[in-house]
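See structure below.
Order of listing sets the numbers, starting from 1, for every ligand and every atom in it. Quick caveat: nothing in here was measured; it's all calculated off a predicted structure.
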Amino acid sequence: MRGYKKRKQKWEGKNRKYELNSAREATIILTVKNTLELLGNKREGEVLDIGCGFGEIDLLLAKVTDFRITGCDISENALGIARSNIKQADLAGRVKIEEGDVYNLKYPDNSFDVVLSFGYVSAATYPGVQREVARVLKPGGVLVCDFINCLSFYKFLNTFARIIKRNENPYYISAARISQEFEKAGLMFINQRFFNTYPPINLKMDSGVFFTFENTIGKVFQNFLGRVRLVSFQKFKP
Ligand SMILES: C[S@@+](CC[C@H](N)C(=O)[O-])C[C@H]1O[C@@H](n2cnc3c(N)ncnc32)[C@H](O)[C@@H]1O
């Protein structure tokens, strides 16, 4: 696959260090909470998490559901840490961690009930990969993936810089654009959530402070404060 080595090298560098602070902990919990809300009453079946990183989201998801989860990632460093996190939690029976590239997934067509992908600019939202992501989903299956909320107050400068540099996928900007792009790959926009509304500060605070913010001011202004836009899509049935 063209560009594979370069992509892998970039992420090996980023995934060298593992650190779990309270803001990160809050993000993991909020990601799982909002994902489960978008999944309705789906709590069992085969799940693929593309770009699973250190596996913490899969770990929490496995604890609160009956899903059988496969996490895949392009980075050996991330995979090593993810495997050790899963082993430590004694969840290796239900969570598999494997090497995988979103541009060329090794799974047969129609393999998964749910496909997930997280990380602000998640792997499933990279330009041109939506058909490959849809291919491994069963018809009627659900994709939940996240985007930067370009309209978030905290992301104003970031969005402005991206527009000036023209280095952002245009379909990140609104639900309508996202829907238009994903529909081309047979993925129908279903619903969305905004979260991570707490101020992006590096102070050492208990994750409870982040939840308090999220459940009060953040709840009222979620569309304008939330840095994450989490979207669910359903694969069209033939
Ligand atoms: C921002 S991190 C997010 C990690 C995790 N999903 C989370 O939310 O904590 C993005 C992850 O995607 C992985 N990744 C990047 N490009 C990828 C690709 N082409 N295929 C699969 N994974 C990829 C990276 O190695 C990295 O671990």
### Message
side chain to side chain contact (heavy atoms under 4.5 Å, CB included), that's the test. Do E56 and N85 meet it? Break it down for me.
### Response
CA-CA 7 Å; E56 307 114 312; N85 281 340; 4.3 Å; yes
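- Aromatic rings from F182 and F189 are positioned such that their centres are separated by 6.0 Å or more.
- Checking side-chain atoms of R227 against main-chain N and O of P199 turns up no donor-acceptor pair under 3.5 Å.
- Side-chain contact between N110 and R135: absent, with no pair of heavy atoms (C-beta onward) separated by less than 4.5 Å.
- Listed by first then second residue, pairs satisfying side chain to side chain donor-acceptor pair (under 3.5 Å) with a partner in residues 213-224 read T197-E214, not counting sequence neighbours.
- Under 4.0 Å from any atom of ligand 1, one finds heavy atoms of residues R7, W11, N15, R24, G51, C52, G53, I57, D73, I74, S75, G100, D101, V102, Y103, F118, G119, Y126.
- Between F224 and F153, a ring centre-to-centre spacing not shorter than 6.0 Å is recorded.
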